[in-house]
Each structure stands twice: as C-alpha cells, then as structure tokens.
Amino acid sequence: MGLSLVANTVVAGGPAVLLTESFGSTIVEEGGNGDTYTLALSNQPTGNVTVTVLVGSNIQVVSASVLTFTTSNWNTPQTVSLNAVDDTLPEGTHFELVNHSVSGGGFGGATTPIVQVTIFDNDRAITDLAVTMQLVNNPIGPGQRISYLVDVTNLSAENALVPFFAMGTPNDTDDMSWVCVADPGASCPMSGQGPPLHTISLAGGTGVSYLVDVTVSPLVTEGAPINAVASVEANDSTDPELSNNSASRTDLVGPDSLFRNGFEL
Ligand SMILES: [Ca+2]
Ligand SMILES: [Ca+2]
Ligand SMILES: [Ca+2]
C-alpha cells in the first residue's frame, strides 16, 4: 500500500479507484449548481467491484451512491453527481471531503480517492455591527499630530466573516497612519499608511480597535471644523440596525499651541 492518487494521476502499483473531477475541481452551491466527477478502475477486476460514495452532512449524492464495475465495464468512467445540502446555517464558503469504500473483484484493499468539495453558502447571518469614534487629543491645534480611537464591534452573537471598514482622511489633515488591535476571534490588518479601507473579521461579540493618527494642517485657523467619518459594512451578513454603522465627529481647531502652552505674547 502507501500508494497515493492525486487528481486523475495514479501512482503505479496495486489496484486503485481512479478519479477525474470535471474541470479539475468539485464545487457545489447551496440552493444552486451541483457538480460531478467520474470514477473508474485501474485494471480489470476478477469479478464485480462495488464502490460506495461516502458523504457527510453538507453534501448529498444525486446519482447512485453505489457504483458497480464489472469485468467488462471496469474502465468505463461512471459519473457521481453531488449537490450541496441547502441548510439554513450561515457558514460562509466551507469544505467537505467525500470518501469512497470499495469491495469485491480483488479490489478490497484498493486505493480510493478523496474529493475535496467546496460548498458555497446562501445563508446570511443577522449581525449588528457598530462603530464609535473618540478624539484622543482635545483641543486640536494647527500643525498638531492628533489621534482618533475608533472601535468596530459586532454586537450580535452571529459571526460577520468579511465586513469592510473604511475611514477617510479628515479635512485639513494629512500623513494618516493607523494601527489596529483585534479581540480574540476578530482580525484586522495590524497597521498601515493612508486611509484604512479593508476587510476585517468579527466573530459574534468581538471587536477591533484602531488608533488613527493624522497631522492637522499648520494653515488652519482657530474655529475651523475638522470632520472625521468611519464606517463598517457587513457584506456577507445582514445588519438590520444601520444607524450605528458609521461614526462621525466634528472638532473645532483651538487656539495655536503657543497660546495653550502659555507663551502668549
Ligand atoms: Ca442554505
Ligand atoms: Ca448554509
Ligand atoms: Ca449596525
């Protein structure tokens, strides 16, 4: 033994059940398209060979799940058709392995293929994603480096797998840079330059926190407003409470830091 099958290539050796996946892969959609592959034997058996298709809970065999190969049709491929089980669970794209058992005709110990099936989901979680924003430095001074603390939280129990986070550059600022820290079960890029615009991941009840730094233009005048907006979009889940999916704030530029530091002339 110790033989292996990769796609439709068999390593020469003992008897084997040969696999050919249509278009080289097997992909099924909940509530949508199924897929097929074919099986044949590597050599003529001594009698009837039975091959049984073994699936888990996410896949159903639409064709016969027990194939019989005889001494005459052993090398004629037989088709296995699979569909996804259309459950109601939001799972994202997931995977299941299809195994095969074989018996009879001298094929009792034959090598059998394992098919990795990709399953596209059609169920959406209900999640409530929320964003809050604070300004760490207040008041803002012309030319000052300032920091926003932005928290993105999944307030629901269900997972949001690929929400999109965005924060634009506040007016009259530049040199934006940021760092992000994620709760266990959540993920975000660790840091970056420029506006954060990317996919994050928020398991139910988890969040990520950004510290976003910008430099206020030295040319702004006292009383000018600096507007900042951050938002999150659920993408693969449904968010029935959209009022908390963005946070914005307007902070007025204070007096020049020379004055605040007591160096008034
Ligand atoms: Ca479904
Ligand atoms: Ca599902
Ligand atoms: Ca929300």
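If you're wondering where the values come from, they're calculated on a predicted model, not measured in any experiment. Indexing begins at 1, ligand by ligand and atom by atom, following the structure's order.
- Residues L211 and V208 fall into different hydrophobic clusters, defined by Ile, Leu, Val, Met, Phe, Trp and Tyr side chains chained together at heavy-atom separations under 4.5 Å.
- L161 and F165 are members of different hydrophobic clusters when ILVMFWY side chains are connected at heavy-atom separations under 4.5 Å.
- Cluster annotation: V229 and W178 are assigned to distinct hydrophobic clusters (Ile/Leu/Val/Met/Phe/Trp/Tyr, side-chain heavy-atom contacts under 4.5 Å, transitive).
- Counting only N and O atoms by type, the side chains of S156 and N154 include a donor and acceptor under 3.5 Å apart.
- Within the sub-3.0 Å shell of the Ca ion (ligand 1), the protein contributes these N/O/S atoms: E30 OE1, D86 OD1, D87 O, N122 OD1, D123 OD1, D123 OD2.
- Residues T132 and R249 have side chains that never bring a donor and an acceptor to within less than 3.5 angstrom of each other.
- Take the N/O/S atoms of E91: the one nearest the Ca ion (ligand 2) is OE1.
- With 3.5 Å as the limit, one finds a donor-acceptor pair spanning the side chains of T26 and E21.
- Between the side chains of T70 and N73, at least one donor N or O lies within less than 3.5 Å of an accepting N or O.
- Put simply, the side chain of Y210 reaches to within 4.5 Å of the side chain of C188, judged on heavy atoms.
- Remark: the S237 side chain and the R124 side chain contain no N/O donor-acceptor pair separated by less than 3.5 Å.
- For the 3.5 Å distance criterion, the side chains of N122 and D86 qualify, holding a donor opposite an acceptor.
- Around the Ca ion (ligand 3), protein N, O or S atoms at a distance under 3.0 Å total 7; waters are neither shown nor counted.
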